[in-house]
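Worksheet: one structure, shown below.
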Amino acid sequence: MARKSDFSESFQSTKRGQRKSKSSQLFSAEEHARFEEMRTVFDEIPNDDGPPAGDRWSIWWDSEPLQRGPEPRPDWVITDHGAVDYELGVLKTGKEADVFLVERAVPDTDRAVIMASKRYRSAEHTQFNRAGDYMAGRGAKRSRDARAMAKRTTFGLEQAAGRWAAAEFDALKTMYNAGVPVPYPVQILGKELLMEFIGDGRTAAPRLAETKPDEIELDSLWEQASEALRRMTELGFAHGDLSPYNTVVHDGRLVVLDLPQVVDLYANPLGFEFLTRDVENLGGWFTARGIERDEVEALQAELKALAAMP
């Protein structure tokens, strides 16, 4: 082992910029050649612990208990240690995140499920320019994080992206437990949120805006939309960006999507405005197709009373 004085002398000579002569080189050319041969041998040996199939091991066990979906979990949720995830491609791109299709499967079995993987971009790459309105009243748990986000440091931008993902995951858990028609949240890990895929096979359910319901179907969808808004209001939430473009229809069931901007009606100064806008945006689509305007106004009044709005 080198003595302390040896380390000091080496450091000082390097600092002075002195060159070492060829005779002082640690390894000869022959030794370097032998080391290169050894490197080739080792490079032929797999140096990772990736799965034998799939694109990655299932990340289920990388999430902590509170980062997993609420219990009881649906039967289709796969929690096996040996499960793997397959990337199936991009489902859609958005202002703050991209959604991918991921299949989680247990190799050599018929157990597999397709999920939606929502991956949030760092705040520096997002196109979501009104984040401040939605985040009002949330507050970072640690002052260090709040300062970093305010200064838009690299760390702060990463924290901001993670907070969008966490906000959506928490909202999905709360709403799913309360019976709001939302996808089941499977798990969250960093900026990736895995959730139930709403659709058939690899085909996503159509957005409400893309459907052409008959009179009976229209009445049913309006009742479902109204009930979803009631339940969210009772929880003290406004969706914040509800429209026929982030609600989908699957087998006659209306499902609400995209909840990162969910608003606390009471902590956010604009909470009640967001709620009113949600009803107008969704109600406008229904009135254009035959629902009476009086029904939209009646729902507004009902939600206002539920939220104890002035």
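The figures here come from the full heavy-atom set of this structure, side chains too, leaving out hydrogens, waters and symmetry mates. In this text, all values refer to a predicted model and were calculated from it rather than measured experimentally.
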- Trace of the salt bridge (charged side-chain N to carboxylate O under 4.0 Å, His left out) decision for R121 with D98: CA-CA 8 Å; R121 305 189 197 103; D98 299 315; 2.9 Å; yes
- Task: May I have the step-by-step check of side-chain contact (heavy atoms from CB on, under 4.5 Å) for L242 and N281, ending in yes or no?
- Result: CA-CA 7 Å; L242 194 60; N281 286 346; 5.9 Å; no
- Task: Before giving the answer on side-chain contact (heavy atoms from CB on, under 4.5 Å), spell out for L208 and V248 the whole-Å C-alpha distance, their side-chain angles and the decisive distance to 0.1 Å.
- Result: CA-CA 5 Å; L208 178 63; V248 298; over 6 Å; no
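Side-chain atoms of M175 and L259, non-hydrogen and from C-beta on, do get closer than 4.5 Å to each other. Looking at heavy atoms from C-beta onward, R68 lies out of side-chain contact with P185 at the 4.5 angstrom threshold. Using a 4.5 Å cut-off on side-chain heavy atoms (C-beta onward), I198 and V255 make contact. At a threshold of 4.5 Å between non-hydrogen side-chain atoms, the residues K118 and E96 count as touching. The side-chain heavy atoms of L270 and E273, taken from C-beta on, include a pair separated by under 4.5 Å. Within the 4.5 Å cutoff, side-chain heavy atoms of E196 are placed close to those of W76. Counting only heavy atoms from C-beta outward, the side chains of L101 and I114 approach each other to under 4.5 Å. Counting only heavy atoms from C-beta outward, the side chains of V182 and L257 never approach each other to under 4.5 Å.
Closest approach of L66 to K173, counting heavy atoms only: O-NZ, 3.1 Å. Of all non-hydrogen atoms in H250 and A205, the two that sit nearest each other are CB-CB, 3.9 Å. Between A112 and A105 the shortest heavy-atom distance is CB-CB, 3.7 Å. Of all heavy-atom pairs spanning R253 and P181, the tightest one is NH2-CA, 3.8 Å. Between L282 and P244 the shortest heavy-atom distance is CD1-N, 3.7 Å. When all heavy atoms of V262 and A167 are compared, the pair lying nearest together is CG1-O, 4.3 Å.
N268 places no side-chain N or O within donor-acceptor distance of the main-chain N or O of V263, the cut-off being under 3.5 Å. Remark: the backbone N or O of A165 is not paired with any side-chain donor or acceptor of E168 at under 3.5 angstrom. Side-chain N or O atoms of Q187 include one that pairs as donor or acceptor with a backbone N or O of I59 at under 3.5 Å. Remark: side-chain polar atoms of Y184 are paired, donor with acceptor, to backbone N or O of P70 under 3.5 angstrom. Within the 3.5 Å criterion, the main-chain N or O of N246 finds no donor-acceptor partner in the side chain of D258. Counting only distance, with no hydrogens or angles, the side chain of D214 and the backbone of E217 share a donor-acceptor pair below 3.5 Å. Remark: the backbone N or O of I216 is not paired with any side-chain donor or acceptor of S220 at under 3.5 angstrom. With hydrogens and angles ignored, the 3.5 Å screen pairs a side-chain donor or acceptor of Q67 with a backbone N or O of E64. The main-chain N or O of V106 is found under 3.5 Å from a side-chain atom of T109 such that the two form a donor-acceptor pair.
W60 does not carry R104 over the face of its six-membered ring by the limits of under 6.0 Å from the centre and within 45° of the normal.
For E87, the side-chain hydrogen bond (donor to acceptor under 3.5 Å, both in side chains) partners are R119, not counting sequence neighbours.
With rounding to the nearest 0.5 angstrom, the CG atom of D264 is 6.5 Å from the CZ atom of F237. Taken to the nearest 0.5 Å, the OG atom of S117 stands 13.5 Å off from the CD atom of E103. Interatomic distance, E280 CD to R277 CZ, rounded to the nearest 0.5 Å: 11.5 Å. Going from atom CD of E223 over to atom CG of L254 covers 12.0 Å, rounded to the nearest 0.5 Å. The CG atom of L88 sits 8.5 Å away from the CG atom of D55 when rounded to the nearest 0.5 Å. Within the model, atoms CZ of F100 and NZ of K92 stand 13.0 Å from one another, a figure rounded to the nearest 0.5 Å.
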With a 3.5 Å cut-off and sequence neighbours excluded, list the donor-acceptor pairs that the side chains of residues 229-236 form with protein atoms.
unit_1, atom_1, unit_2, atom_2, d
R230, NE, E302, OE1, 3.2
R230, NE, E302, OE2, 2.7
R230, NH1, E227, OE1, 3.1
R231, NE, E227, OE2, 3.1
R231, NH1, A178, O, 2.8
T233, OG1, L229, O, 2.8

Would you list the atom pairs, donor with acceptor, under 3.5 Å between side chains in residues 283-290 and any protein atom, with sequence neighbours excluded?
unit_1, atom_1, unit_2, atom_2, d
T287, OG1, G283, O, 3.3
T287, OG1, G284, O, 3.0
R289, NH1, W285, O, 3.0

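The aromatic rings of H81 and W61 lie parallel to each other, with less than 30° between the two planes, well short of the 60° mark.
Transitive grouping of hydrophobic side chains (ILVMFWY, heavy atoms separated by less than 4.5 Å) brings L265 and L303 into a common cluster. I188 and F197 fall into different hydrophobic clusters, where Ile, Leu, Val, Met, Phe, Trp and Tyr are joined by side-chain heavy atoms under 4.5 Å apart, directly or via other members. Residue I78 is not grouped with residue Y86 when hydrophobic side chains (ILVMFWY) are merged at heavy-atom distances under 4.5 angstrom, including chains of intermediate members. Residues V77 and L172 are members of one and the same hydrophobic cluster, defined by side-chain heavy-atom contacts under 4.5 angstrom among Ile, Leu, Val, Met, Phe, Trp and Tyr. V113 and V84 are members of different hydrophobic clusters when ILVMFWY side chains are connected at heavy-atom separations under 4.5 Å.
Between Y245 and E210, the side chains place no donor N or O within less than 3.5 Å of an acceptor N or O (distance only, hydrogens not considered).
Residue E297 places its CD atom among more than 12 non-hydrogen atoms of other residues, nucleotides or ligands, all under 6.0 Å distant.
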